[in-house]
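Throughout, numbering of the chain's residues begins at 1 and tracks the sequence.
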Amino acid sequence: MSEFNNRVAAQREILLGVNSRNWKEELFGLSSGAIDRWMIVNRLEVDSSLVKLIRQAAGKLFFLSNKSQEQVTEDYRLLSGEVSELTDQIVRTAIESH
């Protein structure tokens, strides 16, 4: 349950960081469709650093969610750390951009 809570907390932190800016429309989730919609509505380029960071974090969180039933391994811990670093980068980038 702890790993699930950590993933939910990471997603929440990413969304709060991104949505701390005054966008035309907020980012409502980290699914590909939600990111695409947010990007189009807010006229962001697919190759913008913020979009790339969000997609990277979303992919890692998805991978972690599929590993939740397995024993926590060093790779899992490493990936969790990468998500944490990406979250920090996303928050900084969201504040600096737009």
Side-chain angles (χ1 to χ4, degrees):
M1 187 69 163
S2 173
E3 291 83 19
F4 173 77
N5 289 336
N6 291 341
R7 287 192 311 275
V8 170
Q11 181 171 340
R12 185 179 301 118
E13 189 174 346
I14 291 168
L15 293 175
L16 287 171
V18 170
N19 293 331
S20 66
R21 300 296 308 182
N22 189 20
W23 299 101
K24 207 175 221 185
E25 181 176 295
E26 291 186 341
L27 179 59
F28 296 116
L30 295 180
S31 69
S32 182
I35 296 168
D36 289 345
R37 176 184 169 90
W38 173 77
M39 193 180 69
I40 291 167
V41 169
N42 291 294
R43 297 182 179 188
L44 296 169
E45 297 294 325
V46 71
D47 61 347
S48 78
S49 58
L50 182 58
V51 172
K52 286 180 179 179
L53 288 167
I54 292 169
R55 288 195 190 279
Q56 194 175 8
K60 290 181 187 288
L61 284 169
F62 178 76
F63 180 80
L64 287 174
S65 71
N66 289 328
K67 295 293 182 189
S68 65
Q69 300 302 317
E70 297 178 13
Q71 182 181 14
V72 177
T73 63
E74 187 60 34
D75 289 341
Y76 188 99
R77 287 188 195 100
L78 180 62
L79 196 54
S80 294
E82 290 174 13
V83 169
S84 180
E85 290 174 21
L86 281 169
T87 300
D88 292 342
Q89 290 178 11
I90 289 167
V91 171
R92 281 194 309 272
T93 305
I95 290 169
E96 295 168 357
S97 68
H98 190 61

In short, salt bridge (charged side-chain N to carboxylate O under 4.0 Å, His left out) pairs touching residues 30-46 with sequence neighbours left out are Glu25-Arg37, Asp36-Arg55
Separation between CG (Leu16) and CG (Leu27), nearest 0.5 Å, reads 10.5 Å
Should Phe63 and Ile35 be regarded as members of a common hydrophobic cluster, given that ILVMFWY residues are connected when their side-chain heavy atoms come within less than 4.5 Å of each other, either directly or indirectly? yes
**Study point:** Audit row: Leu53, Gln56, side chain to side chain contact (heavy atoms under 4.5 Å, CB included) steps and yes/no
**Key:** CA-CA 5 Å; Leu53 288 167; Gln56 194 175 8; 4.3 Å; yes
Between the CZ atom in Arg12 and the CG atom in Leu30, the distance rounded to the nearest 0.5 Å is 12.0 Å
Correct closest heavy-atom pair for Ser20 and Gly17 would be OG-O, 2.7 Å
According to a 4.5 Å side-chain heavy-atom criterion applied to Ile, Leu, Val, Met, Phe, Trp and Tyr, with indirect links allowed, do Leu44 and Val46 form part of one hydrophobic cluster?
yes
Residues 84-92, side-chain donor-acceptor partners within the protein, below 3.5 Å, at least two apart:
{"from": "Thr87", "atom 1": "OG1", "to": "Val83", "atom 2": "O", "distance (Å)": "2.8"}

Taken in chain and number order and not counting sequence neighbours, the residues that satisfy salt bridge (charged side-chain N to carboxylate O under 4.0 Å, His left out) with Glu82 are Lys60
- Query: Any side-chain heavy-atom pair from Asn19 and Phe28 closer than 4.5 angstrom?
  - Reply: no
Distance col, row Leu50:CG vs Arg21:CZ, nearest 0.5 angstrom, shows 10.5 Å
Separation between CZ (Arg7) and CG (Leu64), nearest 0.5 Å, reads 6.5 Å
Between Val18 and Trp23, is there a side-chain heavy-atom distance shorter than 4.5 Å? yes
Closest non-hydrogen contact found for Ala34 with Gly29 is CB-O, 3.5 Å
